[in-house]
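What follows is a set of notes on a single structure, which appears directly below.
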2 protein chains.
Amino acid sequence: MKANNSIIQLLLKGLSLSKSEIEITEPLFQKVFYEKGALLLRTNDIVNYQYYTLEGCLRSFYLDKYGKEHTLQFAIRDWWISDYTGFFSDSKAILNIEVIEDAILYRISKENKERLYSKIPKIESFFRKKLENAFAAFQKRILANISQTATERYLNFINTYPDIEKSVKNYHIASYLGITTESLSRIRKEISMS
Amino acid sequence: MKANNSIIQLLLKGLSLSKSEIEITEPLFQKVFYEKGALLLRTNDIVNYQYYTLEGCLRSFYLDKYGKEHTLQFAIRDWWISDYTGFFSDSKAILNIEVIEDAILYRISKENKERLYSKIPKIESFFRKKLENAFAAFQKRILANISQTATERYLNFINTYPDIEKSVKNYHIASYLGITTESLSRIRKEISMS
DNA sequence: TTAGAAAATTGATGTATGATAATAAAGTCT
DNA sequence: AGACTTTATTATCATACATCAATTTTCTAA
């Protein structure tokens with residue numbers, strides 16, 4: 001692909017890169033396809049990649065000791081996803097990542113990302129800012145979890161992520177909110193009646 | 001203070017800086033003292049600073065619409081604290097930051113931090129790594145909130161942060177765990193009997 | 001188009017945690 | 001030490017959400 005029409009400009013949107021910088025960057029990303037149901041990552045795997053979602057829908061979830069799934073994050077178009085704990089600290093995966101809708105992704109390895117940071121420092125700034133935003137979102141999520149009722153969290157979720165709601169099952173949303181699918185069903189009924 | 005014995009080497013521990021880099025860095029931090037009970041930040045304030053705790057204990061908390069406090073983070077010796085959502089995105093504070101034990105802090109402003117990043121890129125890497133670790137900790141906290149019982153979260157807290165437990169009241173811990181102080185009291189009783 | 005599978009809902013009942021109020025214990029100040 | 005304040009505990013009752021089991025609705029694929 002020609003540098004002046006590179007996918008990189010989508011992945012690193014907002015960053016203005018020279019033609020030569022794009023040529024350095026582009027080969028460090030790999031385009032990959034996955035079908036619905038595929039598992040990109042399993043607990044205890046080495047976390048090699050961070051993924052950019054071009055199309056489709058993914059989710060990361062934690063499998064607890066009782067075999068229950070707890071969704072940490074969804075990713076739709078233009079979202080990044082990984083098991084960041086493992087990706088950042090070179091420890092093994094705590095999470096699983098599952099494809100919810102057939103997906104076209106770009107992935108970058110840890111090593112290539114560090115390489116990119118040292119070659120093009122403004123890419124480090126770019127990802128730092130992404131991380132700052134994700135951090136802020138996590139902070140809000142923690143506060144919501146400890147201060148709001150399930151109903152409030154659900155309303156907040158569908159307002160904040162209307163596009164995600166379309167792509168995922170209610171039981172995924174329930175597991176994201178930290179409640180059972182039965183409870184979510186009752187909450188939805190309550191809301192529809194009021 | 002002489003560069004070869006600078007407080008900066010404590011704040012930026014793990015980073016090896018030249019004498020001249022330390023001389024650039026040091027004036028951008030300000031040493032400040034606060035007494036127990038002081039509020040460093042209130043909801044809706046502009047978030048100007050990030051704080052490094054040299055001594056004492058702080059906490060950040062969210063005040064909900066019912067007037068209840070929900071602790072997001074504690075900070076003791078060698079921890080950084082701020083309202084990162086506001087600090088990173090130039091939005092107003094969601095959190096309050098309160099001094100729990102008389103504190104000696106070093107603070108840096110947003111502007112000076114950005115200045116530092118552009119002058120000394122490895123400081124950007126240093127803070128990026130700090131942020132990555134904090135992000136991973138938040139991720140674990142979210143998973144704990146949606147997958148564990150209050151008892152499990154309490155046991156996990158006192159194991160992970162034994163030093164913090166010494167400095168804070170039980171009602172602070174309860175508000176961090178997302179439960180009432182009465183529930184925590186019952187949990188503690190259960191634990192002591194088993 | 002219909003059969004089977006997957007997802008969502010509903011009902012009955014259980015349990016962890018919340019709310020309120022009272023009391024006890026620990027800390028602080030003169 | 002004694003008085004007062006702050007913090008922690010206990011008891012009773014209320015409630016949000018979980019669990020288990022059954023049923024209905026929606027989706028999918030031959």
Side-chain angles (χ1 to χ4, degrees), chain A residues 35-38 57 59 61-62 64-71 74 98-102 143-158 164-194, chain B residues 35-38 57 59 61-71 74 98-102 142-158 164-194:
Chain A
E35 295 201 337
K36 180 176 172 174
C57 182
R59 73 170 180 130
F61 64 92
Y62 171 66
D64 74 18
K65 60 189 172 198
Y66 306 108
K68 281 193 193 152
E69 298 182 354
H70 304 275
T71 299
F74 296 108
E98 180 195 23
V99 178
I100 292 182
E101 277 181 355
D102 291 2
L143 293 174
N145 279 338
I146 62 181
S147 74
Q148 298 185 328
T149 64
T151 304
E152 289 171 324
R153 300 201 303 276
Y154 176 63
L155 289 171
N156 191 50
F157 177 82
I158 58 179
I164 291 178
E165 197 202 356
K166 287 172 207 145
S167 295
V168 307
K169 305 292 177 195
N170 281 342
Y171 61 79
H172 289 140
I173 296 175
S175 87
Y176 176 95
L177 298 175
I179 58 177
T180 60
T181 174
E182 293 92 338
S183 288
L184 178 56
S185 184
R186 285 184 195 104
I187 286 168
R188 286 161 51 77
K189 190 183 180 187
E190 271 301 312
I191 290 169
S192 71
M193 293 190 314
S194 63
Chain B
E35 294 201 336
K36 179 176 174 177
C57 181
R59 73 171 179 131
F61 65 91
Y62 170 66
L63 200 59
D64 75 17
K65 60 189 170 198
Y66 307 108
K68 281 194 191 150
E69 298 181 355
H70 304 276
T71 299
F74 296 108
E98 179 194 23
V99 178
I100 292 181
E101 275 181 355
D102 291 1
I142 291 172
L143 293 174
N145 280 338
I146 63 182
S147 73
Q148 299 185 328
T149 64
T151 305
E152 288 170 325
R153 299 202 304 277
Y154 176 64
L155 287 172
N156 192 51
F157 177 83
I158 59 180
I164 290 179
E165 198 202 356
K166 287 172 207 143
S167 294
V168 306
K169 304 294 177 191
N170 281 341
Y171 61 79
H172 289 139
I173 296 176
S175 86
Y176 177 93
L177 298 175
I179 58 177
T180 59
T181 174
E182 293 90 343
S183 288
L184 179 55
S185 184
R186 280 185 285 251
I187 287 167
R188 286 162 52 79
K189 190 182 180 189
E190 270 302 310
I191 290 169
S192 71
M193 292 188 314
S194 65

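Any value given below was found using the heavy atoms of this structure, including those in side chains, with hydrogens, waters and symmetry copies removed. From a predicted model like this one, the values you see are computed outputs, not experimental measurements. A, B, ... follow the sequence lines: proteins, then strands. Residue 1 opens every chain.
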Separation of C:dT17 P from B:Glu190 CD (nearest whole Å): 11 Å
Side chain proximity check, B:Val99 to B:Glu35, heavy atoms < 4.5 angstrom: no
Residue-phosphate contact under 4.0 Å: B:Arg188 side-chain N/O, D:dT9 OP1/OP2: yes
Degree of bending, the helix from C:dT1-D:dA30 to C:dT30-D:dA1 (end axes from five pairs; round to 10°): 50°
Heavy atoms of other groups near B:Glu190 CD, more than 12 under 6.0 Å: no
Heavy-atom closest contact (A:Ser167 atom, A:Ile100 atom, distance): O-CG2, 3.5 Å
Phosphate OP1/OP2 of D:dA8 contacted by B:Asn170 side-chain N/O (<4.0 Å): yes
Nearest non-hydrogen partners of A:Ile179 and A:Arg153, listed with the distance: CG2-NH2, 3.9 Å
Nearest-angstrom distance from the residue atom CE of A:Met193 to C1' of C:dT9: 13 Å
Value in whole Å for how far the P atom of C:dA7 lies from CD1 of A:Ile100: 11 Å
Check: A:Ile146 and B:Tyr62 side chains under 4.5 Å, non-hydrogen atoms: no
Aromatic plane relationship, B:Phe74 with B:His172 - under 30° parallel, 30 to 60° tilted, over 60° perpendicular: perpendicular
Distances under 3.5 Å between protein N/O atoms and the N/O atoms of nucleotides 17-19 of chain D, please, pair by pair.
from, atom 1, to, atom 2, distance (Å)
D:dC17, OP1, A:Ala150, N, 2.9
D:dA18, OP1, A:Thr180, N, 3.4
D:dA18, OP2, A:Thr180, N, 3.1
D:dA18, OP2, A:Thr180, OG1, 3.2
D:dA18, OP2, A:Ser183, OG, 2.4
D:dT19, OP1, A:Lys68, NZ, 3.0
D:dT19, OP2, A:Lys68, NZ, 3.2

Distance, rounded to the nearest Å, where B:Tyr171 contributes OH and D:dT5 contributes P: 16 Å
Would you list the protein and nucleotides 24-30 of chain D atom pairs, both N or O, that sit under 3.5 Å from each other?
none

Nearest-Å distance for atom pair OH/C1', residues B:Tyr66 and C:dT20: 17 Å
Option passing side chain to side chain donor-acceptor pair (under 3.5 Å) with A:Ser175 (candidates A:Thr180, A:Thr71, A:Asn170, A:Thr181): A:Thr71
Flag side-chain contact, heavy atom, 4.5 Å: B:Tyr171 against B:Glu69: no
Shortest non-hydrogen contact from A:His70 toward B:Leu143: O-CD2, 4.3 Å
